[in-house]
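Notes follow the structure.
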Amino acid sequence: MSGTGVCGERIVSVRLPFFVYGTLRPGEVNHDHFLRGRTGSEERGRLDGVVLYDGPGYPYAVQEPGGTVHGELVTAHPEAYDGLLVALDRLEDYAPGDPQNLYERIECDVVRDTDGVSVRAWVYVAAPAVAAELRARGKLIGSGDWLVRG
């Protein structure tokens with residue numbers, strides 16, 4: 001989805017924070033492996049205009065008006081940023097322009113829970129083909145929160 005709205009596909013060389021909503025959240029399997037020691041802050045937040053689908057051990061955010069996904073807004077230490085970006089792109093099977101991507105990394109406006117301020121962040125959302133399959137056959141996580149998917 002490009003243009004206006006809370007998310008856009010402008011892939012630029014900006015050191016944005018990351019919005020994580022699944023296995024990268026504190027207490028989840030990938031948090032310690034990828035984020036521990038590399039972040040300056042981790043704050044609760046929400047992303048509007050997306051819904052959450054259950055995947056094979058991890059979730060997918062899919063752009064959908066009216067939905068909300070809960071997660072953390074993660075700000076990397078400046079010296080760790082470049083390496084973290086490469087590691088997260090690899091984890092999410094994302095390469096710019098690759099039609100085989102499972103996820104796309106896009107810029108979105110994320111709202112911090114602490115103060116309601118909107119912050120521009122990188123978010124990995126389901127790639128178009130994956131999103132279409134999830135809309136047709138996927139299991140929606142109604143809470144929008146991977147930690148309470150029960």
Side-chain angles (χ1 to χ4, degrees), residues 1-12 14-78 80-81 84-94 101-150:
M1 183 180 262
S2 59
T4 62
V6 294
C7 293
E9 293 181 6
R10 293 178 290 135
I11 306 300
V12 295
V14 175
R15 291 182 169 209
L16 298 174
F18 299 90
F19 179 70
V20 299
Y21 55 83
T23 66
L24 288 163
R25 292 180 72 183
E28 291 296 298
V29 65
N30 283 322
H31 180 272
D32 286 354
H33 184 68
F34 289 92
L35 298 178
R36 184 171 301 280
R38 293 178 166 179
T39 65
S41 67
E42 298 178 18
E43 305 172 273
R44 298 255 325 139
R46 74 173 193 277
L47 175 59
D48 296 323
V50 295
V51 294
L52 204 58
Y53 283 91
D54 202 3
Y58 49 86
Y60 286 100
V62 174
Q63 293 179 297
E64 190 73 39
T68 298
V69 169
H70 302 277
E72 271 71 35
L73 189 63
V74 175
T75 302
H77 288 303
Y81 190 91
L84 182 58
L85 181 64
V86 169
L88 294 180
D89 281 354
R90 189 173 303 127
L91 172 69
E92 305 295 3
D93 286 327
Y94 168 72
N101 284 340
L102 294 179
Y103 291 90
E104 296 293 330
R105 177 170 39 90
I106 62 173
E107 292 182 36
C108 294
D109 293 323
V110 175
V111 179
R112 286 192 308 230
D113 286 353
T114 54
D115 58 11
V117 170
S118 181
V119 177
R120 202 73 173 162
W122 290 125
V123 180
Y124 293 90
V125 299
V130 174
E133 180 68 22
L134 289 166
R135 286 184 185 109
R137 295 178 193 71
K139 180 183 174 195
L140 188 66
I141 299 173
S143 68
D145 192 331
W146 175 250
L147 301 182
V148 293
R149 61 193 175 278

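Just the heavy atoms: all of them, side chains too, but no hydrogens, waters or symmetry mates, feed the values below. What you see is a predicted model, and the numbers here were worked out from it, not measured in a lab. Nothing fancy with the numbering, it's 1 onward along the sequence.
Residues passing the ring pair (Phe, Tyr, Trp, His ring centres under 6.0 Å) test with Y103, sequence neighbours excluded: Y60. Listed by chain and residue number, nothing satisfies the side chain to side chain donor-acceptor pair (under 3.5 Å) test with Y58 (two or more places apart in sequence, or in another chain). Taking L91 as the reference, L24, N30, F34, L88 meet the side-chain contact (heavy atoms from CB on, under 4.5 Å) condition, with sequence neighbours excluded. For H77, the side-chain contact (heavy atoms from CB on, under 4.5 Å) partners two or more places apart in sequence, or in a different chain, are E79, A80. With sequence neighbours left out, P17 forms a side-chain contact (heavy atoms from CB on, under 4.5 Å) with L73, T75, V119, A121. In this structure, the side chain to side chain donor-acceptor pair (under 3.5 Å) partners of E42, at least two apart in sequence or on a different chain, are H31, T39. Looking at residues two or more places apart in sequence or on another chain, you find a side chain to side chain donor-acceptor pair (under 3.5 Å) between T68 and D48. Annotation: side chain to side chain donor-acceptor pair (under 3.5 Å) contacts of R112 (sequence neighbours excluded): D115. Scanning for side-chain contact (heavy atoms from CB on, under 4.5 Å) contacts around D32 gives R36, with sequence neighbours left out.
In this structure, L84 and A76 approach most closely via the heavy-atom pair CD2-CB, 3.7 Å. Here the closest heavy-atom approach between residue T23 and residue W146 is recorded as N-NE1, 4.2 Å. In plain terms, the two heavy atoms of E107 and W122 that are nearest each other are CG-CZ3, 3.5 Å.
Note that CZ of R38 is 8.0 Å distant from NE2 of H33, once rounded to the nearest 0.5 Å. The CD atom of E43 lies 9.5 Å from the CG atom of D113; values are rounded to the nearest 0.5 Å. How far CG of L102 is from OH of Y94: 13.0 Å, rounded to the nearest 0.5 Å. To the nearest 0.5 Å, the span separating CG on N101 from CD on E92 amounts to 10.5 Å.
Checked against C108 for a side chain to side chain contact (heavy atoms under 4.5 Å, CB included), the options L47, L16, V50 give a single hit: L47.
Residue pairs meeting the salt bridge (Lys or Arg N to Asp or Glu O under 4.0 Å) criterion with at least one partner in residues 17-27, sequence neighbours excluded, are R25-E72, R25-D145.
By the 4.5 Å heavy-atom criterion applied to side chains, E28 and L147 are counted as neighbours.
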Show the atom names and distances, to 0.1 Å, of all donor-acceptor pairs under 3.5 Å that link a side chain in residues 124-136 to residues at least two apart or in another chain.
from	atom 1	to	atom 2	distance (Å)
Y124	OH	D89	N	3.3
Y124	OH	D89	OD1	2.5
E133	OE1	R137	NH1	3.1
E133	OE2	R137	NH1	3.2
R135	NE	E64	OE1	3.2
R135	NH2	Q63	O	2.6

